[in-house]
Amino acid sequence: MKYIPLVGRILFSLIYLMAIIRNLSPETIKNASAAGVPLASIAVPLSGIIASLGAISIIIGYKTKIGAWLIVLYLLPATFMTHRFWAVTDPLMQQMKMMHFMKNFSMLGGALIISYWGAGPFSIDNKKSNIGY
C-alpha cells in the first residue's frame with residue numbers, strides 16, 4: 001500500500017512531462033494563438049516549462065506542494081483559454097471541448113489534493129520529515 005502514492009504521482013504527472021515537447025511545437029503555438037492566447041509564442045513554451053517542472057517535482061517528491069501549484073498555474077489558463085466549449089456552435093466540437101475542459105478540471109482537483117497532502121512515502125520531501133500520511 002505504501003507504493004500507491006508513488007505510482008499515483010507518476011501516473012498523474014506523465015501528461016505534464018509531455019507538455020514540454022507539445023508546447024514547443026509550432027502547431028501548438030499556432031493553435032493557441034488562434035484560440036486567443038495572448039503572446040502565444042512566449043506563453044505556450046513557458047507554460048510547457050512550468051508544467052514539466054511541476055511534473056518532475058511531483059514525480060521525485062521534491063518540493064511536491066510547490067510542484068502541484070505549478071500544475072495548477074499551468075491548468076487554469078490552459079483550461080479556460082483553449083477549452084471554451086460554451087463559445088463553440090458545432091455540437092460535436094462543443095462536446096469535445098467540454099470533455100477536455102472537464103478532464104482538466106479533474107486534473108486540477110488532483111493537483112489541489114497533492115498541494116495539500118504532499119508527496120507521501122518514497123519521496124525526497126518525506127525523507128526530510130520521516131513521516132508518512
Side-chain angles (χ1 to χ4, degrees):
M1 291 300 275
K2 64 183 179 180
Y3 294 102
I4 290 175
L6 172 62
V7 172
R9 289 193 331 256
I10 292 168
L11 293 175
F12 174 80
S13 299
L14 287 177
I15 193 169
Y16 303 108
L17 279 180
M18 295 172 58
I20 192 68
I21 296 165
R22 184 179 60 245
N23 287 29
L24 292 176
S25 88
E27 183 180 341
T28 301
I29 295 168
K30 184 178 119 190
N31 291 340
S33 183
V37 174
L39 300 169
S41 62
I42 297 168
V44 173
L46 181 61
S47 71
I49 293 167
I50 289 169
S52 296
L53 289 174
I56 292 166
S57 168
I58 291 169
I59 288 171
I60 65 174
Y62 178 71
K63 304 269 186 194
T64 308
K65 292 181 178 188
I66 293 171
W69 282 111
L70 289 174
I71 298 298
V72 170
L73 180 67
Y74 168 79
L75 278 173
L76 281 174
T79 301
F80 284 98
M81 288 185 182
T82 61
H83 301 304
R84 296 179 291 165
F85 64 91
W86 55 89
V88 177
T89 55
D90 175 46
L92 183 58
M93 186 58 84
Q94 183 182 43
Q95 185 177 14
M96 296 269 302
K97 291 248 183 216
M98 186 167 72
M99 286 185 338
H100 285 291
F101 183 92
M102 295 308 296
K103 169 197 53 95
N104 280 17
F105 245 48
S106 173
M107 295 186 319
L108 181 60
L112 291 172
I113 289 170
I114 294 168
S115 76
Y116 182 82
W117 289 108
F122 297 104
S123 65
I124 295 170
D125 291 344
N126 194 44
K127 283 192 182 272
K128 291 178 185 177
S129 67
N130 213 10
I131 304 172
Y133 281 144

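Excluded from the calculations below are hydrogen atoms, water molecules and symmetry mates; all remaining heavy atoms, backbone and side chain alike, are included.
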If hydrophobic clusters are built by linking Ile, Leu, Val, Met, Phe, Trp and Tyr wherever their side-chain heavy atoms come under 4.5 Å apart, do [X] and [Y] end up in the same one?
| X | Y | value |
| --- | --- | --- |
| I50 | I56 | no |
| I113 | Y116 | yes |
| I58 | I66 | no |
| Y3 | I10 | yes |
| L76 | I71 | yes |

Straight-line distance of M102 CE to M99 CE, nearest 0.5 Å =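 Spacing of CE (M102) from CE (M99) equals 12.0 Å.
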Check [X] against [Y] and note the closest heavy-atom contact, atom names and distance.
| X | Y | result |
| --- | --- | --- |
| G118 | T64 | C-CG2, 4.1 Å |
| P5 | A119 | CB-O, 3.8 Å |
| A43 | P38 | CB-O, 3.7 Å |

Please list, one pair per line, the donor and acceptor atoms closer than 3.5 Å that link side chains of residues 12-26 to other protein atoms, with sequence neighbours excluded.
from: S13; atom 1: OG; to: R9; atom 2: O; distance (Å): 2.8
from: R22; atom 1: NH2; to: Y74; atom 2: OH; distance (Å): 3.3
from: N23; atom 1: ND2; to: V44; atom 2: O; distance (Å): 3.2
from: N23; atom 1: ND2; to: S47; atom 2: OG; distance (Å): 2.9
from: S25; atom 1: OG; to: R22; atom 2: O; distance (Å): 3.2
from: S25; atom 1: OG; to: T28; atom 2: N; distance (Å): 3.1
from: S25; atom 1: OG; to: T28; atom 2: OG1; distance (Å): 2.9

Do P45 and I29 come close enough that some side-chain heavy atom pair is under 4.5 Å?
->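 Touching, per the 4.5 Å side-chain cut-off.
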Between the main-chain N or O of [Y] and the side-chain N or O of [X], is there a donor-acceptor pair closer than 3.5 Å?
| X | Y | result |
| --- | --- | --- |
| S52 | I49 | no |
| S115 | L112 | yes |
| S57 | K63 | yes |

Test log, rule side chain to side chain contact (heavy atoms under 4.5 Å, CB included), inputs I4 and F122 | CA-CA 10 Å; I4 290 175; F122 297 104; over 6 Å; no
K103 atom NZ: more than 12 heavy-atom contacts under 6.0 Å | yes
Which atom pairs, one a donor and one an acceptor, fall under 3.5 Å between side chains of residues 78-88 and the rest of the protein, sequence neighbours left out?
from: T79; atom 1: OG1; to: L75; atom 2: O; distance (Å): 2.7
from: T79; atom 1: OG1; to: N104; atom 2: ND2; distance (Å): 3.0
from: T82; atom 1: OG1; to: A78; atom 2: O; distance (Å): 2.5
from: R84; atom 1: NE; to: M81; atom 2: O; distance (Å): 3.3
from: R84; atom 1: NH2; to: A35; atom 2: O; distance (Å): 2.6

